[in-house]
Amino acid sequence: MPQLSIIIPTKDRHLIFNETLHRAYLAIEGLDIEIIVVNDSKTQGVEVPVSFNKVHVINNPEQGVASARNNGAAIAQSSLLLFLDDDMWISAELINKTLQLNAEHPQAIFNFNWEYPNELRKKIQLQPFGRFLESIHFTTMKGWCRGMDWHEDKMFPTTGLAGATLLIPKEIYFNVNGYDASFPLAGAEDHDFSVRLIRAGYKAYIYPMIKAWHNEVNKTSLRGFLQRTYNNAITHRHAANIGYQELIVRYSPLKKGVYTLMRLLNSPILFITDHWLNFRMFDFLYFRLCHLLVGFYIYKGYHNMPFGK
């Protein structure tokens with residue numbers, strides 16, 4: 001039996017996925033670890049080098065990331081699972097730490113810290129939308145965890161896990177029936193999974209001292225980010241519909257009026273942002289437009305309005 005099963009769902013992101021897979025394979029060199037790739041695409045296959053004999057590929061055509069994780073876990077040979085997003089780079093140090101943490105805390109679940117790779121952070125600083133991402137602290141896990149009691153030098157408990165770097169014993173995973181495959185896209189499926197784990201009495205932690213690198217090169221354009229925001233809002237509405245009252249979003253009449261007007265202004269504002277001059281002195285105005293668009297696309301996704309209208 002392998003020491004660890006790494007499960008990587010992927011869909012139509014060949015260049016990003018290939019880099020992730022090569023780095024993961026290098027990280028497990030010399031260890032008895034398998035990698036399970038779950039291809040969620042209907043139209044494109046996944047190519048794996050012939051020499052990567054520890055990699056298994058299964059197909060899960062357009063059933064969603066929650067379903068992909070479940071199907072990967074179902075065929076995993078190890079009693080310990082590490083879920084990775086297909087844009088998450090890992091190291092041998094992180095792999096060794098997963099085995100150590102499980103040996104020391106066999107009934108615990110962990111997320112690992114992450115940041116954008118240094119080269120990506122340098123690159124996005126050269127364009128206004130990249131600076132917007134930095135301004136909303138979107139390029140680090142710590143930034144995503146605003147409001148949490150974050151620690152740099154010790155593991156600490158969390159009630160909000162993410163599948164991007166999720167270490168969990170297989171038995172615990174199936175004790176709570178894995179991810180809810182009714183979630184159509186990535187987003188609030190993590191919230192649902194975390195709540196069910198905590199309710200079942202399991203302990204979850206963030207381990208901040210070792211980082212993965214989040215290679216989100218396809219999310220560093222405004223339009224790509226808006227698509228992600230829209231998809232995430234769809235999943236939040238689904239979570240609200242199945243009983244998560246804390247994820248219900250209520251809009252005041254004023255906001256509804258603003259977003260109704262935005263249906264007319266959306267295209268002109270996108271045109272302006274597409275052709276924005278790259279001067280840092282104008283970043284404040286650009287950031288305001290980005291915030292307006294993000295709010296509008298959350299509204300559209302939550303109310304199931306077509307993305308492009």
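All residue numbers in this chain count up from 1 along the given sequence.
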If you take all heavy atoms of [X] and [Y], which pair is closest and at what distance?
X      : Y      : value
Tyr251 : Lys256 : O-CE, 3.5 Å
Ala188 : Thr235 : N-OG1, 2.8 Å
Gly160 : Asn111 : O-OD1, 4.3 Å
Ala240 : Tyr302 : CB-OH, 3.9 Å
Pro208 : Phe156 : CG-CE2, 4.0 Å
Pro169 : Ala108 : CD-O, 3.5 Å

Can you tell me how far [atom2] of [Y] sits from [atom1] of [X], rounded to the nearest 0.5 angstrom?
X      : Y      : atom1 : atom2 : result
Ile136 : His291 : CD1   : NE2   : 6.5 Å
Gln3   : Ser78  : CD    : OG    : 8.0 Å
Ser182 : Asp192 : OG    : CG    : 7.5 Å
Phe225 : Asn232 : CZ    : CG    : 9.5 Å
Arg23  : Asn215 : CZ    : CG    : 7.5 Å
Leu167 : Leu4   : CG    : CG    : 7.0 Å

Test side-chain hydrogen bond (donor to acceptor under 3.5 Å, both in side chains) applied to Tyr25 and Asn53, step by step:
CA-CA 10 Å; Tyr25 206 79; Asn53 58 356; 2.8 Å; yes

Would you kindly say whether [X] and [Y] are connected by a side-chain donor-acceptor distance under 3.5 Å?
X      : Y      : result
Tyr173 : Asn70  : yes
Tyr297 : Asn231 : no
His14  : Glu47  : no
Asn218 : Arg228 : no
Gln125 : Lys122 : no

Ring centres of [X] and [Y] under 6.0 Å apart?
X      : Y      : result
Phe284 : Phe287 : no
Tyr244 : His236 : no
Tyr116 : Trp213 : no
Phe110 : Tyr207 : no

Does the pair Ile90 and Phe112 meet the rule for a side-chain contact (heavy atoms from CB on, under 4.5 Å), with working shown?
CA-CA 10 Å; Ile90 59 171; Phe112 290 94; over 6 Å; no

Considering only NZ, NE, NH1 and NH2 on the basic side and carboxylate oxygens on the acidic side, decide whether Glu115 and Lys142 come within less than 4.0 Å.
no

Do NZ/NE/NH1/NH2 and the carboxylate oxygens of Asp85 and Arg13 come within less than 4.0 Å?
no

[Y] side chain reached by [X] side chain, heavy atoms, under 4.5 Å:
X      : Y      : result
Thr139 : Leu120 : no
Phe129 : Thr273 : no
Asn113 : Trp150 : yes

Kindly determine whether Phe138 and Phe132 satisfy side-chain contact (heavy atoms from CB on, under 4.5 Å), including the steps that lead there.
CA-CA 9 Å; Phe138 210 79; Phe132 171 73; over 6 Å; no

Between Phe296 and Tyr299, what is the ring plane arrangement, given parallel below 30°, perpendicular above 60°, and tilted in between?
parallel

For atom CG of Leu126, decide whether the heavy atoms of other residues, nucleotides or ligands shown that lie under 6.0 angstrom number more than 12.
yes

Counting only heavy atoms not in Glu29 (residues, nucleotides, ligands), do more than 12 fall under 6.0 Å from its CD?
no

Mind running side-chain contact (heavy atoms from CB on, under 4.5 Å) on Ile206 and Cys145 for me, showing each step along the way?
CA-CA 11 Å; Ile206 291 174; Cys145 296; 4.3 Å; yes

What verdict does the side-chain contact (heavy atoms from CB on, under 4.5 Å) test give for Arg121 and Glu134, after you've listed the backbone C-alpha separation in whole Å, the side-chain angles of each residue and the deciding distance to 0.1 Å?
CA-CA 9 Å; Arg121 293 187 77 168; Glu134 291 276 9; 3.2 Å; yes

Which residue pairs pass the salt bridge (charged side-chain N to carboxylate O under 4.0 Å, His left out) test with at least one member in residues 169-181, sequence neighbours excluded?
none

